[in-house]
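Indexing begins at 1, ligand by ligand and atom by atom, following the structure's order. Since this is a predicted model, take the numbers as computed values, not measurements. We're numbering straight along the sequence, starting at 1.
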Amino acid sequence: MCGIVGYLGKRNSLLILLEGLKRLEYRGYDSCGVVLSNNEEIYLYKKVGKVSELEKEVKNKNLDGNIGLGHTRWATHGGITENNAHPHYDCSQNIFLIHNGIIENYQELKEKLKKKNHNFYSETDSEVFAHLIEEYYKNNDFENSVLKALKEIRGNFAFVIFNKKEKDKLIGARFSSPLILGLGKEEYILASDPSPISLITKNVVYLDDGDMVVVDKNKGVKIFSFLNEKEKPLVIYQINWQIDDIKKENYEHYMIKEIEEEPKAVFNTFYKRLNFERLETNLKELNEIKEKLRNIEKIVLTACGTAYYACLYGRYLFEEYLNLNSEAEIASELRYRNYPYNEKTLLIVISQSGETIDTLEALKIAKKRNVLIIGIINVPGSSITRLVDKVIYTQAGPELAVASTKAFLAQITSLVILMIYLAEIKGINLKNKKQIFEEIKIIPEKIKEIINRKEEIKKLAEDLICFKNFYFLGRKFQYPIALEGALKLKEIAYLHSEAYPAGETKHGPIALIDENFPVFILAPKDSVYEKTISNLEEIKARKGKIILISDEAFEKADYVFKIPKSLEIFYPFLTVVPLHLFAYYFAKILGREIDRPRNLAKSVTVE
Ligand code: F6R
């Protein structure tokens, strides 16, 4: 995790670094720091806490420097202290660097360097790299010393480095952690994602694993692989994120802004990809693999957290409509299994960030075995998009709150489109194709209707605020939504909440039920409605407090939140919205740090 940003150019780097760090804060926010330099001085400031604290400290100090580095940390090696915060430096205080990732062999390297009289001030793996460069810098060749040091480390990393003695130069390198180069007019920026880059330019170069980039004010940019030392051409892309997408506007939190953007995320994901007159898909991005897709006989979906729940939804969908053997697997488990892929398997990886290390590793294993892979990804140019065979980009726009909301809606929208596409190319007659097209068209409006009733959910959260435990139950398509409701409450309200397939409660979980145990039951009028209602009865018989989310009223529930009628596969688009709102308001009443919940980070790039 951790967010990194480095700048070299003609402006005062401090302002860009601070604004960039605020945009990267979702990646980690336990401590932060900046270093900048003008011709004379080096200014280094670190702070435990948020970027706003650091900003307060440096704001009135008239710091100036055309080169600088900034870092926001999610601690891995070493506690949350100023010493462990980045930027880190060597003994001579010439080499300064920021790091995202883990150097796995840092202990061994540290011991060697100690024997060569290097003194360490922190407990981090990152500091070791500064000393390693220093060790090789004895020959005064900065570029070469970084190259040699890179060859000695193992793990995953993105670095940006500068050297006090060569202040016209910034060096970046990456392996398994993201790093993007922004090319402005006589200015350069290196960052973990496009959001700080959009401060100065739309022109970006996505670095690949094994890339090292040297940015020189006078000589321009050079990219080469530190693995084979071959130079690479600069491939420049344009980022299309708008600055307004990243602003909080008048919202108190990004999370509520992003929940309110759920209808737009669904609409933007489907509208160019469906032809409503011809009842056809338009998934141009899959054209090149159409033939291979026609022959697949099994689908494996993999991801982590909320994106994994989208996979579960996909499994029900593909089984039901395509009659295809489908499985949803948690990526951190899949990667250690000897999974029986074959030439007729399609792997679908789902990720908002496109950087989640477990998902990335699971896909690398499948790739080595020549499995056909499609990514359903939100962040353009992210690491996963560069490894899969084809990408279906979800059009949720930047998601900055740590808890994922609108991206989930965009993911399940993409799965519906992919399901229709697979039916088309495999010649499967979809049972209710016309209704599917009609319903998806109006689903954003139905979501909006629910959001417009957010005060009802707020009131529900107020009424339930004294409870400390919650169950979320659902069957079939509603089971992934139950999991999503429970995870959101855990993540941002720090509450004990668990989800079960509704039919499973009587095999154990029901033992906990009494009048102090509220249970959310997701029971829209779908194919398993009556079965779920029987489970509701069982809970009620044991005095459980029931919150029913359904398009049907039911007098035995203590509270009913009515949703509009829909098709079975689209009910999840509706039942998930009140659960997102509930977690938001519950956490808000408890005064939690909603956008930056404790112990979490948005982009999980450590194992
Ligand atoms: C939950 C949440 C996480 C992510 C998970 C995967 O609200 O945000 O569970 O869904 O870490 O992240 P991505 O989708 O970026 O791979």
Side-chain angles (χ1 to χ4, degrees), residues 1 3 24 26-28 74 176-178 192-193 195 253-256 258-259 262 265 301-314 328-335 348-363 375-385 387-388 391-394 396-412 414-415 472 480-495 497 499 576-577 579-584 586-587 592-607:
M1 338 249 246
L24 291 174
Y26 69 87
R27 303 178 64 87
W74 189 88
S176 272
S177 296
S192 306
D193 84 16
S195 59
H253 299 100
Y254 277 113
M255 185 174 175
I256 187 69
E258 289 162 8
I259 293 174
E262 286 178 347
L301 299 110
T302 195
C304 302
T306 288
Y308 165 70
Y309 305 151
C311 293
L312 271 177
Y313 169 86
E329 305 289 339
I330 290 177
S332 56
E333 287 296 311
L334 181 63
R335 57 178 294 196
I348 300 176
V349 293
I350 304 184
S351 174
Q352 188 285 130
S353 62
E355 300 294 345
T356 302
I357 192 89
D358 288 313
T359 313
L360 199 60
E361 292 300 324
L363 107 79
I376 296 182
I377 311 291
N378 198 41
V379 177
S382 51
S383 301
I384 294 181
T385 66
L387 291 178
V388 294
V391 187
I392 300 175
Y393 277 111
T394 46
E399 192 182 64
L400 298 179
V402 163
S404 189
T405 53
K406 61 176 180 172
F408 175 76
L409 274 292
Q411 286 159 358
I412 58 177
S414 308
L415 288 167
F472 289 78
I481 305 307
L483 287 163
E484 170 66 357
L487 180 68
K488 284 294 105 95
L489 203 54
K490 225 176 261 164
E491 265 185 306
I492 60 164
Y494 316 149
L495 228 67
S497 50
V576 75
V577 182
L579 300 189
H580 283 165
L581 287 167
F582 181 76
Y584 174 75
F586 210 93
R592 307 295 196 223
E593 280 268 12
I594 293 182
D595 286 338
R596 309 276 176 264
R598 71 184 181 199
N599 305 341
L600 299 175
K602 189 156 186 70
S603 188
V604 185
T605 53
V606 295
E607 292 172 46

* **Those atoms of ligand 1 less than 4.0 Å from some heavy atom in Val402** => 8 (O)
* Going by the order shown, which atoms of ligand 1 are within less than 4.0 Å of some heavy atom of Ala307? -> 10 (O), 14 (O)
* So, does Glu258 use its side chain to make a donor-acceptor pair with the main chain of Ala401 at under 3.5 Å? -> yes
* Hey, does the side chain of Asp595 reach the backbone of Met255 with a donor-acceptor pair shorter than 3.5 angstrom? -> yes
* Report yes if Ser351 has an N/O atom closer than 3.5 Å to an N/O atom of ligand 1; otherwise report no. => yes
* Just checking, is any N or O donor in the side chain of Tyr26 or Asp193 under 3.5 Å from an acceptor N or O on the other one? -> yes
* Asked: Is it the side chain (CB and beyond), the backbone, both or neither of Glu355 that lies under 4.0 Å from ligand 1, heavy atoms counted?
  -> neither
* Give the atoms of ligand 1, by number and element, whose distance to some non-hydrogen atom of Ala403 is under 4.0 Å. => 7 (O)
* Counting each atom of ligand 1 from 1 as listed, which ones have a heavy atom of Ser353 under 4.0 Å away? -> 13 (P), 15 (O), 16 (O)
* Quick one: does Thr359's side chain have a donor or acceptor within less than 3.5 Å of a partner on Glu355's backbone? -> no
* Asked: Does Leu487 approach ligand 1 within less than 4.0 angstrom via side chain, backbone, both or neither, non-hydrogen atoms only?
  -> side chain
* Give the atoms of ligand 1, by number and element, whose distance to some non-hydrogen atom of Glu491 is under 4.0 Å. => 1 (C), 2 (C), 7 (O), 8 (O)
* Asked: Are Glu329 and Thr302 close enough that a side-chain donor and a side-chain acceptor fall under 3.5 Å?
  -> no
* Do ligand 1 and Gln411 have nitrogen or oxygen atoms that lie under 3.5 Å from each other? -> no
* To do: Report yes or no: does Ala303 have a heavy atom closer than 4.0 Å to ligand 1?
  => no
* To do: Indicate whether the side chain of Lys488 and that of Ser497 have a donor and an acceptor atom separated by less than 3.5 Å.
  => no
* **Heavy-atom donor-acceptor pair, Asn378 side chain to Ala407 backbone, under 3.5 Å** => no
